[in-house]
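We use all heavy atoms of the structure for the numbers below, so side chains are in, but hydrogens, waters and symmetry mates are not. Count residues from 1 along the sequence.
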Amino acid sequence: MRLFRSGEIIGIAADTLDFALEASEETHPDEYMGLLRGEDARNLGLDREGTVVTDVLIVPGTESNPVSATVQTSMIPNDMRSVGSIHSHPNGVLEPSDADLATFGNGDVHIIVGFPYRKSDWRAFDREGNERQLDVLTVDLADPESFFDFTQEDIDSELSEK
């Protein structure tokens, strides 16, 4: 079983990109890093096949400084929705470094966000480090707070089904 799914990544949700740009700016002058997760485009109401990047997963224990960010690999969840990675370059350079290329092997899309973190200050790359097209898509994403929207009755009902 692969940690990262294959399939065409057709775009990134606008809200997800906004989140990553804001998080990168808040982390500045240190690098920001996360893993990208995706959702089937049809589940998001799009009439096309492929995967849309919908989430940025922040891995506990990630360490960063102005020139690098390191993920604790033992903390990466086994998530079949994982599609790649995202990190910032506080120096504003939107090209992958040799260290970046060494981490691009897992996943189909890797995003670099650069200072000053405007909507145009990012690029997407494939696993070999070649720049690739990644459309910004306006889709309705689930409210992250809805994950916590349940009652004891809901828990009891789910437990009784097992």
Side-chain angles (χ1 to χ4, degrees), residues 2-5 7-41 44 50-149:
R2 289 184 49 198
L3 173 61
F4 292 91
R5 81 161 85 186
E8 182 184 8
I9 311 300
I10 61 171
I12 183 170
D15 290 344
T16 304
L17 180 59
D18 288 345
F19 170 82
L21 289 166
E22 290 172 18
S24 296
E25 185 173 20
E26 288 177 13
T27 306
H28 190 84
D30 291 338
E31 278 197 12
Y32 164 80
M33 183 165 218
L35 300 179
L36 299 174
R37 296 193 309 171
E39 184 73 36
D40 187 287
L44 298 170
T51 300
V52 177
V53 176
T54 55
D55 298 289
V56 177
L57 177 64
I58 309 304
V59 178
T62 298
E63 297 176 9
S64 68
N65 60 52
V67 295
S68 71
T70 306
V71 172
Q72 299 292 327
T73 55
S74 64
M75 298 296 285
I76 297 173
N78 186 10
D79 186 348
M80 294 305 295
R81 296 184 343 161
S82 295
V83 296
S85 67
I86 187 165
H87 74 281
S88 68
H89 281 179
N91 63 7
V93 175
L94 295 176
E95 293 294 327
S97 66
D98 290 341
D100 294 338
L101 293 173
T103 66
F104 281 6
N106 291 326
D108 294 324
V109 65
H110 302 278
I111 297 174
I112 297 176
V113 176
F115 179 81
Y117 314 112
R118 297 170 303 217
K119 289 191 186 279
S120 61
D121 294 324
W122 68 280
R123 299 286 180 274
F125 301 89
D126 64 18
R127 66 181 62 210
E128 285 82 34
N130 301 309
E131 190 169 342
R132 59 156 292 172
Q133 176 68 31
L134 191 65
D135 293 336
V136 178
L137 304 171
T138 302
V139 294
D140 289 326
L141 299 177
D143 178 8
E145 296 299 318
S146 68
F147 177 80
F148 300 102
D149 189 18

Inset, instruction - Indicate, with yes or no, if the rings of Phe104 and His110 have centres closer together than 6.0 Å. - result: yes
Inset, instruction - Could you list the residues that satisfy side-chain hydrogen bond (donor to acceptor under 3.5 Å, both in side chains) with His89, not counting sequence neighbours? - result: His87, Asp100
Inset, instruction - Considering non-hydrogen atoms only, spot the tightest contact between Gly114 and Leu94 and give its length. - result: N-CD2, 3.3 Å
Inset, instruction - Return the set of residues passing side-chain hydrogen bond (donor to acceptor under 3.5 Å, both in side chains) with Glu26 (not counting sequence neighbours), or none when no residue passes. - result: none
Inset, instruction - May I have the step-by-step check of side-chain contact (heavy atoms from CB on, under 4.5 Å) for Asp140 and Leu44, ending in yes or no? - result: CA-CA 7 Å; Asp140 289 326; Leu44 298 170; over 6 Å; no
Inset, instruction - Show your working on side-chain contact (heavy atoms from CB on, under 4.5 Å) between Trp122 and Val136 and close with a plain yes or no. - result: CA-CA 11 Å; Trp122 68 280; Val136 178; 3.6 Å; yes
Legend entry - side-chain hydrogen bond (donor to acceptor under 3.5 Å, both in side chains) partners for Asp18, two or more places apart: Lys119
Inset, instruction - Tell me, please, which residues at least two apart from Arg118 pass side-chain hydrogen bond (donor to acceptor under 3.5 Å, both in side chains). - result: Asp121
Legend entry - Rounded distance (nearest 0.5 Å) linking atom CG of Leu101 with atom OG1 of Thr103: 7.5 Å
Inset, instruction - For Glu131, check salt bridge (Lys or Arg N to Asp or Glu O under 4.0 Å) against everything at least two apart and list the hits. - result: Arg123
Inset, instruction - For the residue pair Leu21 and Val113, establish whether any side-chain heavy-atom pair is separated by less than 4.5 Å. - result: yes
Legend entry - Set of ring pair (Phe, Tyr, Trp, His ring centres under 6.0 Å) partners for Phe115, sequence neighbours left out: His28, Tyr117
Inset, instruction - Output, in order, the C-alpha distance, side-chain angles, deciding distance and verdict of side-chain contact (heavy atoms from CB on, under 4.5 Å) for Leu35 and Val56. - result: CA-CA 6 Å; Leu35 300 179; Val56 177; over 6 Å; no
Legend entry - Passing option when Thr51 is tested against Val83, Asp40, Asp108, Leu36 for side-chain contact (heavy atoms from CB on, under 4.5 Å): Val83
Legend entry - Side-chain heavy atoms of Val109 within contact of Arg132, under 4.5 Å: yes
Legend entry - Test item: Pro90 and Asp30 side chains (from C-beta on) under 4.5 Å apart, heavy atoms: no
Legend entry - Ser24 (side chain) donor-acceptor with Ala20 (main chain) under 3.5 angstrom: yes
Legend entry - side chain to side chain contact (heavy atoms under 4.5 Å, CB included) against Leu137, all qualifying residues, sequence neighbours excluded: Ile10, Leu46, Arg48, Val52, Asp135, Val139
Legend entry - Spacing of CD1 belonging to Ile12 relative to CG belonging to Leu134, to within rounding of 0.5 Å: 6.0 Å
Legend entry - Main-chain N/O of Tyr32 paired with Thr27 side-chain donor or acceptor, under 3.5 Å: no
Inset, instruction - Could I get the full list of side chain to side chain contact (heavy atoms under 4.5 Å, CB included) partners for Asn130, not counting sequence neighbours? - result: Asp126, Glu128
Inset, instruction - May I have the step-by-step check of side-chain contact (heavy atoms from CB on, under 4.5 Å) for Ile111 and Phe125, ending in yes or no? - result: CA-CA 6 Å; Ile111 297 174; Phe125 301 89; over 6 Å; no
